[in-house]
Protein chains: 2
Amino acid sequence: MGSGQLRGRSGGRPTLEEVAARAGVGRGTVSRVINGSPRVSEHTRAAVEEAVAELGYVPNTAARALAANRTDSIAVVVPEPESRFFSEPYFSDIIHGVGTALADTDMQLVLTFAGGDRERRSLAQYLAAHRVDGVLLVSVHADDPLPDLLQQLEIPAVISGRRSADEPLASVDSDNFAGARAAVNHLLGRGRRAIATITGRLDVYGAQRRLDGYRDALAEAGHRVDEALIAHGDFTEDGGRRAMTELLARRPGLDAVFAGSDVMAAGARQVLREAGRRIPDDVALVGFDDSAIARHMDPPLTSVRQPIAEMGRTMTDVLLAEIADTRPAPARRLTRRQIVLPTELVCRASS
Amino acid sequence: MGSGQLRGRSGGRPTLEEVAARAGVGRGTVSRVINGSPRVSEHTRAAVEEAVAELGYVPNTAARALAANRTDSIAVVVPEPESRFFSEPYFSDIIHGVGTALADTDMQLVLTFAGGDRERRSLAQYLAAHRVDGVLLVSVHADDPLPDLLQQLEIPAVISGRRSADEPLASVDSDNFAGARAAVNHLLGRGRRAIATITGRLDVYGAQRRLDGYRDALAEAGHRVDEALIAHGDFTEDGGRRAMTELLARRPGLDAVFAGSDVMAAGARQVLREAGRRIPDDVALVGFDDSAIARHMDPPLTSVRQPIAEMGRTMTDVLLAEIADTRPAPARRLTRRQIVLPTELVCRASS
DNA sequence: GGGTAGGGTGGGAGCGCTCCCATGTGTGAT
DNA sequence: ATCACACATGGGAGCGCTCCCACCCTACCC
């Protein structure tokens, strides 16, 4: 009786109500079973689960989101400046890690882009509408307004790579400092003495830390740091070429280069080769990221590996914990909010 | 009066109702303005827009999704078999293209993974719940049940790379056949005569088409196709190595290799080098994809470029059109459902 | 002048779910 | 036997929006 109005616009899919009718229980009880509440008798639970199976019931997420005021999804914000980000494996690896961590939950991953002005504006709208429960910020610049917006909106967020030493947001970073130190120590160990470096954009904290590590390793070994051996790139291949050209002009006698990324190392290699320097005989070369480029370069490039997929996974875990904290819960703050993952030097023929 | 109950659980954000009150109009009118309906007078529209601006109103998507039975988001399904997919630039480029196409709309992009069994099951649930308005299927194998599931659920879907010559689903593919022909013709033009090929997994239609193109070009040039010059890889570097080893054993006199992907070409190059063959002097090498690897290989690899980002963009456009078709609309089927985009040979030092 | 379109508008009736309070129903303590 | 309390359960009251029907008013026509 009265089943005429039960089938609504949802395309004929069964509703909670119908499951309840079939199982001979009330709506509330079905809801409890669906959400795994312990306050349901074993017997009733079985009956409901059977009805769910028979009807092929799948909860309507929109209705749930509306009633419970949560979305069960998180966003990954992709900065995408000049699509540089996409050309690097960084992106896919992070996403891969995030996907792995999310596989254990029923959270969904929404990809949002914050490239141009228009995209940033619509992203702000999107966040203001609270269309996601949390946000993963990848590769954010020091002066990006997004983190502040998120804090203001009280949306849980985790950032990859801190913006400064005292990052207020929860963050997951790799140990850029130690990685750079390892690279330089490795070069020193091979008897290199005039070790140059090509930095990334220094408004990226990680790039700064790699430079710090470079300096620290030299200082520790009792070397004076020659500022003319430091050139600034911007993470691009072309930037690597320009920086290498500068370095060669300033210090023709250099015998090693530590580049702040593999891509820049690739650019440097071209310039070195054109200048007739053999690698590693005349100049040893070390990169950072251990990307596919490093393995396929000629000669294969020694590089500092970052556990990027693991960073994605860890970021997600931290974010999920933050989201759980937001909701009424007994214990709080079980996760560290600042995590630094180790890097590792992968030695190949270029050094 | 009665404003006590107006602010609900939504975190204090203004609702349609409040905008209506402020603008001195009814709910329906605000809804019309928000959704750009033409049946609103200019004067009223202005008043509503002012109220929206003053209150900083942003529609609640969950409520809209529930009432209108649509989600304003599409899913990209990532097969992710042994994470091979992620190691290739294919993934990022497709996503990039999709993002570009979506930037003009207010649709969101949800990334879903269909790697393991468990993921596939939860994906099926996800789709059954109609949590997205449409689906982009990337790199699907011939026997994947997903496309059928989607048709059964009547969810609009577009596939990248057909599964067979008569793909029932809407699809966007690159011209693998012509690309392979161009590669082989190029090698023939350089005077190569014993041209081998390393195929990808032949249950991927594109791989089959590349092999077809190889055969066709040779036949057209009046060459008999020597089956011993055909070896099968699986798109991996290791597969490329194994296939190259086989080829060298069977036909030591070969003077060119057309590999079905850059990654396999990289594997082949290693084997060739270990066997003492110089590239391109002894053996010319051509790959497929024109990925970053191709540019950085030594020597730089000649490769067939696919417009991958454009494929992503086109797929999205087709999908959006399909979704629009689903909804009550005047004209139907304005877009072609089977699109093939041209490939292009990029010549470098390896041939 | 009355009749009739039709554009513009208000608001009721849901969409399918969660939250929470009220109502049983059984158990153990008194 | 009586009371209390915990546990299990049903269902009302929303969540904020869209859809759609009814209504009003202003032309415009005969």
Side-chain angles (χ1 to χ4, degrees), chain A residues 2-21 23-48 52 55 57-72 128-131 327-328, chain B residues 2-21 23-48 52 55 57-72 128-131 327-328:
Chain A
S3 78
Q5 201 56 290
L6 274 179
R7 325 214 122 257
R9 268 168 285 175
S10 65
R13 279 179 292 132
T15 69
L16 232 204
E17 189 94 44
E18 292 172 309
V19 174
V25 300
R27 257 186 9 265
T29 302
V30 177
S31 177
R32 257 164 252 140
V33 172
I34 299 293
N35 293 291
S37 156
R39 338 198 114 285
V40 182
S41 73
E42 210 41 65
H43 175 255
T44 312
R45 178 184 307 277
V48 171
V52 165
L55 260 33
Y57 170 74
V58 180
N60 178 321
T61 0
R64 171 177 287 174
L66 179 58
N69 198 36
R70 63 197 165 92
T71 65
D72 288 329
H130 284 259
R131 287 188 63 171
R327 323 229 237 247
Chain B
S3 79
Q5 202 55 292
L6 272 180
R7 324 213 120 255
R9 269 166 286 177
S10 67
R13 278 179 293 132
T15 69
L16 232 204
E17 188 94 45
E18 291 171 313
V19 174
V25 300
R27 257 185 9 264
T29 303
V30 177
S31 177
R32 258 165 250 140
V33 172
I34 298 293
N35 293 292
S37 157
R39 337 197 116 285
V40 182
S41 73
E42 210 42 64
H43 175 255
T44 313
R45 179 184 306 279
V48 171
V52 165
L55 259 32
Y57 170 74
V58 179
N60 178 323
T61 0
R64 172 178 288 174
L66 178 58
N69 199 35
R70 62 197 166 93
T71 67
D72 289 329
H130 284 259
R131 287 190 62 174
R327 322 230 238 247

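Numbers restart at 1 for each chain; the letters A, B, ... are given by sequence-line order, proteins then strands. The figures that follow rest on heavy atoms only: side chains count, while hydrogens, waters and symmetry mates do not. Note that the structure is a prediction, hence the values are computed from the model and not measured.
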Quick one: is dT18(D) close enough that its OP1 or OP2 comes under 4.0 Å of any side-chain N or O from N35(B)?
yes
Whether S31(B) contacts dT18(D) is assessed here as follows: a side-chain N or O lying under 4.0 Å from the phosphate OP1 or OP2. Is that the case?
yes
Nearest-0.5 Å distance, OG1 of residue T29(A) to CZ of residue R39(A):
12.5 Å
Separation between CG (L66(B)) and OG1 (T61(A)), nearest 0.5 Å, reads 10.0 Å
Does R27(B) get its side chain close enough to the base of dG12(C), under 3.5 Å, for a donor-acceptor pair?
yes
Can you find an N or O donor on one side and an acceptor on the other, under 3.5 Å apart, linking the side chain of R32(B) with the base of dG10(C)?
yes
[X] side chain, from C-beta outward: closest of [options]:
X: A67(B); options: dA8(D), dG14(C), dG16(C); result: dG14(C)
X: V40(A); options: dT9(C), dT9(D), dG14(C); result: dT9(D)
X: T15(A); options: dC17(C), dG16(D), dC19(C); result: dC17(C)
X: S41(A); options: dC17(D), dA8(D), dC17(C); result: dA8(D)

Is there a side-chain contact between N60(A) and T15(A) (heavy atoms, below 4.5 Å)?
no
Using a 4.5 Å cut-off on heavy atoms from C-beta on, say whether the side chain of N35(B) contacts that of R64(B).
yes
Atom pair distance, as rounded to whole Å: [atom1] in [X] and [atom2] in [N]:
X: N69(A); N: dG14(D); atom1: CG; atom2: P; value: 17 Å
X: E18(B); N: dC17(D); atom1: CD; atom2: P; value: 9 Å
X: E17(A); N: dT18(C); atom1: CD; atom2: C1'; value: 13 Å
X: R131(A); N: dC15(D); atom1: CZ; atom2: P; value: 21 Å
X: R13(B); N: dG16(D); atom1: CZ; atom2: P; value: 8 Å
X: L16(B); N: dG12(C); atom1: CG; atom2: P; value: 15 Å
X: R64(A); N: dC19(C); atom1: CZ; atom2: P; value: 10 Å

Do side-chain atoms of R27(B) reach the backbone of A20(B) as a donor and acceptor pair under 3.5 angstrom?
no
Before giving the answer on side-chain contact (heavy atoms from CB on, under 4.5 Å), spell out for V52(A) and I34(A) the whole-Å C-alpha distance, their side-chain angles and the decisive distance to 0.1 Å.
CA-CA 9 Å; V52(A) 165; I34(A) 299 293; 4.1 Å; yes
What's the angle between the local helix axes at either end of the helix from dG1(C)-dC30(D) to dT30(C)-dA1(D), using five pairs per end and rounding to 10 degrees?
40°
